[in-house]
Amino acid sequence: MYWSKLFIPTLRETPAEAEVVSHQLLLRAGYVRQLSAGLYSYLFLAQRSLLKIMRIIREEMDAIGAQEMLLPALQPAEVWQESGRWDVMGDNMFRLKDRFQRDLCLGMTHEEIMTDIARGELRSYKQLPQIWYQIQTKFRDEPRPKSGLLRVREFLMKDSYSFDLDAPGLDAAFDKHHDAYCRIFQRCGLEFSAVEADSGAMGGSQSTEFMVASDAGEDYIAVCEECGYAANLEKAVSVPQSPRAPDPAGDFAPEKFHTPGRKTIAEVAEFTGLPESSQIKSLVMVADEKPVLALLRGDHHLSETKFAAALKAREIRPAHPAEIRVWFDADAGSLGPVGARMRIIADRALSGRRNMIAGANEDDYHLRHVTPGEDFEAEFFDLRQVVAGDTCVNCGKPIEVRKTIEIGHIFKLGYKYSESMGLRVLNDAGEEVTVIMGSYGIGVGRILSAAIEQRHDKDGIALPASIAPFTVVVTPVNRSEPAQAEAAEKIYRQCLALGLDAVLDDRDERPGVKFKDADLVGIPFRVTVGKKLAQGQVEVVTRRTRESRDVPAGEAAQAVAALVRDAA
RNA sequence: CGGGGCGUGGCUCAGCCUGGUAGAGCGCCUGGUUCGGGACCAGGAGGCCGGAGGUUCGAAUCCUCUCGCCCCGACCA
């Protein structure tokens with residue numbers, strides 16, 4: 001294609017509304033324009049990249065025997081009511097009514113639709129297993145769209161769904177997806193981690209998330225470089241660092257002492273001269289409308305996911321100050337387990353500790369010599385959030401915490417949808433059995449954003465050839481030199497003949513403008529046709545590394561093709 | 001939903017406090033000179049100052065309401 005004819009609206013300056021790098025660059029490089037909060041138009045360049053990403057996804061999905069479909073985005077309430085998610089999804093779902101006042105929604109995901117298709121058609125174990133997928137726009141009424149294309153209200157997802165007769169079948173489908181996903185992300189040039197994850201509102205027994213390390217991300221993962229353990233922070237386990245100071249030995253009774261104005265763990269630590277790890281942190285939570293006191297070591301943080309899981313609670317929240325006042329007759333900052341009249345659950349790191357500091361449930365007073373199991377009773381669970389510096393439960397090496405972008409998530413759904421929606425087949429004994437399902441998502445747009453987050457520099461985007469909008473740009477330096485224009489045109493045609501995705505920068509612009517734009521847009525290879533043409537030479541430049549080699553003009557296209565092959 | 005910030009040509013922003021006929025740079029158009037990392041000269045187009053109400057002789061500027069966008073938090077298939 002000829003650049004002069006293309007719509008590539010690059011910006012010299014960074015638009016003010018963009019905060020994260022990928023967003024800034026997508027706007028500056030003319031890939032996207034924003035219509036409204038969380039709604040983006042994907043312009044020519046973005047669409048080319050997305051099509052390449054989707055082609056990779058299709059190739060790998062097809063390779064594991066998955067079949068592509070196209071499903072409605074507009075969906076009737078009935079199927080969501082059947083699965084129970086019409087209520088569960090709450091405000092996250094876009095809902096509307098048709099002219100007959102029937103309830104509809106815009107699909108956030110397609111478990112219900114796929115299950116509905118399957119239950120109408122799958123009758124026999126002989127038809128299993130099946131893997132069906134779709135690449136489509138999905139909708140979520142985000143409370144706060146943000147970070148450019150990372151959290152949006154309308155987004156392109158690939159979702160696949162597996163149907164199996166039994167658990168080993170599901171395991172196989174899950175593993176196939178795991179492997180296919182690794183290949184997809186590798187081909188997209190991403191550095192990623194597959195981590196254990198919480199299944200959340202999707203339901204199901206086991207799930208793995210695919211995460212790309214990035215400061216623009218919203219998720220944290222815990223990783224052990226040594227043994228490969230990796231988990232979402234919501235779920236991660238670790239061995240905490242030992243308390244900073246040993247507990248006082250001896251069998252003491254709790255003893256109240258005055259701590260005027262000392263409310264936070266840090267203030268009490270400073271006041272007592274004892275480290276935070278010698279304190280018991282008391283958090284008042286409300287789980288499914290019932291008060292619960294959660295206890296942690298002073299320097300630890302509560303994992304709300306683990307807390308909810310421990311109580312099997314659907315909804316949890318911190319208690320309001322007014323509630324705390326009523327229940328304890330003291331304010332947050334002076335609370336403790338001794339004498340608390342509610343369910344108490346404690347993190348395992350408190351098990352076996354003695355003579356710690358805790359709030360006295362009286363404003364401006366704390367207790368010393370508080371011993372779990374003696375001075376109060378609690379149920380022990382793992383409630384603690386992993387922090388950097390903890391050690392791995394498998395190998396004892398240090399755990400690292402990384403900020404990440406979630407680009408894929410695969411779930412063993414189990415029987416959640418097949419049970420509620422009645423998807424059953426006959427097995428070889430003629431008995432009716434419920435089909436077991438899995439679901440497997442990839443955020444297509446997120447791959448693009450994540451790739452840019454990982455691969456950019458001060459000059460712009462540096463995507464790998466596999467997903468860059470063009471593979472090579474041929475740039476004549478001086479258009480007024482007919483020889484350069486002719487040579488560039490010829491090289492461009494040779495690139496096309498070799499199957500390279502090429503663009504000829506035939507704009508009547510100064511060379512600096514063309515170089516800057518090519519760098520910004522992120523075309524992996526550039527053939528510069530300039531003054532060395534007099535000696536029959538042109539330059540082949542690699543965007544990422546800035547490496548440049550002179551080659552005879554007639555061999556330039558071949559040289560680029562070779563570089564593309566090497567990179568793949 | 002709570003807290004904060006911002007809405008002025010396509011983009012980045014000044015002007016607002018202290019009301020008096022709307023500015024700069026970049027981009028865009030025309031002509032010319034240029035041509036290896038976002039050129040130069042000359043000429044030109046383009047703005048209901050987010051919207052509505054109010055105060056005032058007079059509002060981009062002051063007041064009220066409203067809409068939108070961004071950030072932090074809550075939330076996050």
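Residue numbers start from 1 in every chain, and the chains themselves are labelled A, B, ... in the order their sequence lines are given, proteins ahead of strands.
- The stretch residues 4-38 of chain A participates, sequence neighbours left out, in these ring pair (Phe, Tyr, Trp, His ring centres under 6.0 Å) pairs: A:H23-A:Y40.
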With the criterion being N/O to N/O and under 3.5 Å, what pairs connect the protein with nucleotides 29-34 of chain B, and how long is each?
{"unit_1": "B:rU34", "atom_1": "O2", "unit_2": "A:R510", "atom_2": "NH1", "d": "2.8"}

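- Checking each of A:R28, A:R507, A:R12 against A:D517 for a salt bridge (Lys or Arg N to Asp or Glu O under 4.0 Å) leaves exactly one that passes, namely A:R507.
- In this structure, the NZ atom of A:K458 is 13 Å from the C1' atom of B:rG38, given to the nearest Å.
- The CZ atom of A:F155 sits 15 Å away from the P atom of B:rC76 (whole-angstrom rounding).
- Aromatic ring centroids of A:Y133 and A:Y440 lie 6.0 Å or more apart.
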Note to self: Please evaluate residues A:C188 and A:F185 with respect to the criterion side-chain contact (heavy atoms from CB on, under 4.5 Å), reporting the C-alpha separation (whole Å), side-chain torsions for both, the decisive distance (0.1 Å), and the verdict.
What the structure shows: CA-CA 5 Å; A:C188 291; A:F185 300 135; 5.5 Å; no

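- Applying the side-chain hydrogen bond (donor to acceptor under 3.5 Å, both in side chains) definition to pairs two or more places apart or across chains, those involving residues 138-147 of chain A are A:H110-A:K138, A:Q134-A:K138, A:K138-A:D159, A:R140-A:E142, A:E142-A:R151, A:K146-A:E218.
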N/O-N/O pairs, protein side and nucleotides 70-74 of chain B side, under 3.5 Å:
{"unit_1": "B:rC70", "atom_1": "OP1", "unit_2": "A:Q34", "atom_2": "NE2", "d": "2.9"}
{"unit_1": "B:rC72", "atom_1": "OP2", "unit_2": "A:R144", "atom_2": "NH1", "d": "3.4"}
{"unit_1": "B:rC72", "atom_1": "OP2", "unit_2": "A:R144", "atom_2": "NH2", "d": "2.9"}
{"unit_1": "B:rC72", "atom_1": "N4", "unit_2": "A:R144", "atom_2": "NE", "d": "3.4"}

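- A:T528 and A:R526 share a donor-acceptor pair across their side chains, judged by distance under 3.5 Å alone.
- Distance CG (A:L11) to P (B:rC11): 8 Å, rounded to an integer number of Å.
- For a distance-only test at 3.5 Å, the side chain of A:R28 fails to qualify as a donor-acceptor partner of the base of B:rG10.
- Looking at which nucleotide of RNA chain B each of A:P15 and A:F515 is closest to, the 5′-most match is held by A:P15.
- Side-chain proximity of A:V477 to the nucleotides B:rC11, B:rG38, B:rG36 is greatest for B:rG36.
- For the residue pair A:Y417/A:R85, the side-chain donor-acceptor check at 3.5 Å is satisfied.
- Counting distance only, with no hydrogens placed and no angle test, the side-chain atoms of A:D459 and the base atoms of B:rG37 include no donor-acceptor pair under 3.5 Å.
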Next item on the list: Before giving the answer on side-chain contact (heavy atoms from CB on, under 4.5 Å), spell out for A:F174 and A:Q206 the whole-Å C-alpha distance, their side-chain angles and the decisive distance to 0.1 Å.
Entry: CA-CA 10 Å; A:F174 188 87; A:Q206 187 190 344; 4.0 Å; yes

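- When distances run from any side-chain atom of A:P511 to the nucleotides B:rG38, B:rU12, B:rC35, the shortest one goes to B:rC35.
- Residues satisfying the salt bridge (charged side-chain N to carboxylate O under 4.0 Å, His left out) criterion with A:K176, sequence neighbours excluded, are absent altogether.
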Which protein N or O atoms sit under 3.5 Å from an N or O of nucleotides 41-47 of chain B?
none

